[in-house]
Novice: 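The following block contains the structure, expressed as structure tokens.
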Protein chains: 2
Amino acid sequence: MSANSRFAVSVHMLAYLAHRQGAAVPSTEIAASVGTNAVVIRRLLSALVKARLVSTQKGATGGFTLAVFPAGISLLAIYRAVEPAPEHGMRRFAPNHQCPVGAKIEAILHGVFVKTQAAMEQELLQVTLAQIHQQLHAVCPRKK
Amino acid sequence: MSANSRFAVSVHMLAYLAHRQGAAVPSTEIAASVGTNAVVIRRLLSALVKARLVSTQKGATGGFTLAVFPAGISLLAIYRAVEPAPEHGMRRFAPNHQCPVGAKIEAILHGVFVKTQAAMEQELLQVTLAQIHQQLHAVCPRKK
DNA sequence: TGATTTGTAACACCTGTGGTTACATAATAT
DNA sequence: ATATTATGTAACCACAGGTGTTACAAATCA
């Protein structure tokens with residue numbers, strides 16, 4: 001995963017919208033829950049609106065609502081909506097192609113990264129916002 | 001994965017040491033293959049020496065050699081040697097604990113990250129430096 | 001009309017990363 | 001012994017990305 005907090009904040013935001021059950025929630029209210037500035041919230045929600053996960057309305061009584069039922073939103077969809085393409089540190093990696101190792105290592109590493117990325121995304125695909133919502137409202141685990 | 005190139009460069013370095021078949025290789029030679037400064041190479045190799053994957057010797061005719069056979073070095077071992085603990089962007093994520101969502105979302109997200117990290121590391125565990133070395137020296141794939 | 005809210009540009013600040021110089025330390029060759 | 005070659009590390013700079021903040025236009029509703 002990346003070094004930024006976009007994904008974590010986005011899941012938090014969407015969980016908050018699910019928690020508010022369809023109400024139009026202004027960015028200031030979400031910002032208070034996340035503990036950051038409202039502009040940061042609107043920036044991220046802008047990406048989620050583009051991805052059709054969230055609806056928005058301007059003006060008084062406006063705000064943000066989920067555009068899809070929580071069960072229809074996987075964490076992978078959220079991840080893809082707000083995270084740029086993963087670079088795996090290959091951005092500044094420019095080996096010497098004159099060297100037999102440097103000439104081929106890039107492609108080999110790329111193959112490794114494709115596999116690790118796929119494994120990670122497979123995990124994200126299996127978790128839905130509905131499950132997150134459920135965990136939020138779960139009571140303390142009973143012993144018995 | 002992180003935004004830095006430590007892991008990619010480290011795999012490149014170790015693949016180069018495997019390529020040189022036990023010779024003591026100076027940091028300047030590795031730097032030429034990776035395409036960076038020798039100090040950057042020594043910094044990373046320092047971590048790999050601490051992890052017992054690489055041996056080092058000072059002085060003329062000195063340099064770096066693999067401390068373990070390539071088949072005994074997994075990419076996961078390399079990853080753990082040079083990458084700091086993954087933060088998944090949780091460093092600056094400090095939700096409002098007064099809010100019922102903010103109070104529990106951290107723990108829930110942590111559970112998700114543990115799973116994605118484990119899935120990724122499982123992939124890295126299955127690839128050895130010997131396999132990378134083999135791919136480096138593979139001839140072009142024959143058709144039929 | 002006035003209040004509220006989104007949308008976005010613009011900017012400053014902080015942090016992590018990588019490149020570079022410098023130099024002490026160690027080991028070898030002659 | 002001494003010159004040479006290498007590692008080990010500190011110190012510093014430059015750059016990029018991420019986050020917080022202000023500002024303001026545009027849209028919507030009472």
Novice: Can the ring centres of Phe93(B) and His12(A) be said to be less than 6.0 Å apart?
Specialist: yes

Novice: If you check the Lys58(B) side chain, which of dT17(C), dT7(D), dT28(C) turns out closest?
Specialist: dT7(D)

Novice: Can you tell which of dT7(D), dG7(C), dT28(C) lies closest to the side chain of Pro26(B)?
Specialist: dT7(D)

Novice: Could you check, using the six-membered ring where one of them is a Trp, whether His137(B) and His19(B) have ring centers closer than 6.0 angstrom?
Specialist: yes

Novice: Does the side chain of Ser5(A) get closer than 4.0 angstrom to OP1 or OP2 of dG18(D) through an N or O atom?
Specialist: no

Novice: Can you measure Glu87(A) atom CD to dT17(C) atom P for me and round it to whole angstrom units?
Specialist: 14 Å

Novice: Leu53(A) and side chain to side chain contact (heavy atoms under 4.5 Å, CB included): which single residue from Leu66(A), Val82(A), Leu48(A), Leu129(A) fits?
Specialist: Leu48(A)

Novice: Between Ser46(A) and dT8(C), does any side-chain N or O lie under 4.0 Å from OP1 or OP2?
Specialist: yes

Novice: From the list dA27(D), dA23(D), dT9(D), which nucleotide is the closest neighbour of the side chain of Val39(A)?
Specialist: dA23(D)

Novice: Nearest-Å distance, CG (Asn37(B)) to C1' (dC13(D))?
Specialist: 13 Å

Novice: Taking any heavy-atom pair under 4.0 Å as a contact, classify Asn4(A): base, sugar-phosphate, or nothing.
Specialist: sugar-phosphate

Novice: On a heavy-atom basis, which atom in Thr128(A) and which in Ala71(A) lie closest, and how many Å separate them?
Specialist: CG2-O, 3.8 Å

Novice: Both Val49(B) and Arg42(A) contact DNA chain D. Taking the nearest nucleotide for each, which residue is further toward the 5' end?
Specialist: Val49(B)

Novice: For Glu83(B) and Ala60(A), take the nucleotide of DNA chain C holding the closest heavy atom to each; which residue's nucleotide lies nearer the 5' end?
Specialist: Ala60(A)

Novice: What integer distance in Å separates Ile41(A):CD1 from dT21(D):P?
Specialist: 12 Å

Novice: Quick check on dT5(C): is either OP1 or OP2 less than 4.0 Å from any side-chain nitrogen or oxygen of Thr61(A)?
Specialist: no

Novice: Side chain of Arg43(A), base of dG20(D): donor and acceptor closer than 3.5 Å?
Specialist: yes

Novice: Rounded to whole Å, please give me the gap between NE2 in His88(A) and P in dT17(C).
Specialist: 16 Å

Novice: I need the CG-P distance between Leu17(A) and dT6(C), as an integer number of Å.
Specialist: 11 Å

Novice: Could you check which of dT7(D), dG20(D), dA23(D) has an atom nearest any side-chain atom of Val40(A)?
Specialist: dG20(D)

Novice: Any chain of hydrophobic side-chain contacts (each under 4.5 Å) joining Ile105(A) to Tyr79(B)?
Specialist: yes

Novice: Run the side-chain contact (heavy atoms from CB on, under 4.5 Å) check on Lys104(A) and Gln135(B) step by step: do they pass?
Specialist: CA-CA 9 Å; Lys104(A) 300 184 77 175; Gln135(B) 290 181 63; over 6 Å; no

Novice: Return the value, rounded to whole Å, for the distance between atom CD of Glu29(A) and atom C1' of dT6(C).
Specialist: 15 Å

Novice: For dG18(C), does the base pair up with any side-chain atom of Arg92(A) as donor and acceptor (N or O, under 3.5 Å, distance only)?
Specialist: no

Novice: Between C1' on dG18(C) and CZ on Arg6(B), what's the gap in Å once rounded to a whole number?
Specialist: 10 Å

Novice: Identify whether any heavy atom of Gly63(A) sits under 4.0 Å from a base atom; if not, whether one sits that close to sugar-phosphate; answer base, sugar-phosphate or nothing.
Specialist: sugar-phosphate

Novice: Return no unless some side-chain N or O of Thr56(A) is found under 4.0 Å from OP1 or OP2 of dT6(C).
Specialist: no

Novice: With a cut-off of less than 4.0 Å, is there a side-chain N or O of Gln57(B) near OP1 or OP2 of dT28(C)?
Specialist: yes

Novice: Rounding to an integer number of Å, can you tell me how far Arg91(B) CZ sits from dT19(D) P?
Specialist: 13 Å

Novice: Answer yes or no: does a side-chain N or O of Thr28(B) lie under 4.0 Å from OP1 or OP2 of dA6(D)?
Specialist: no

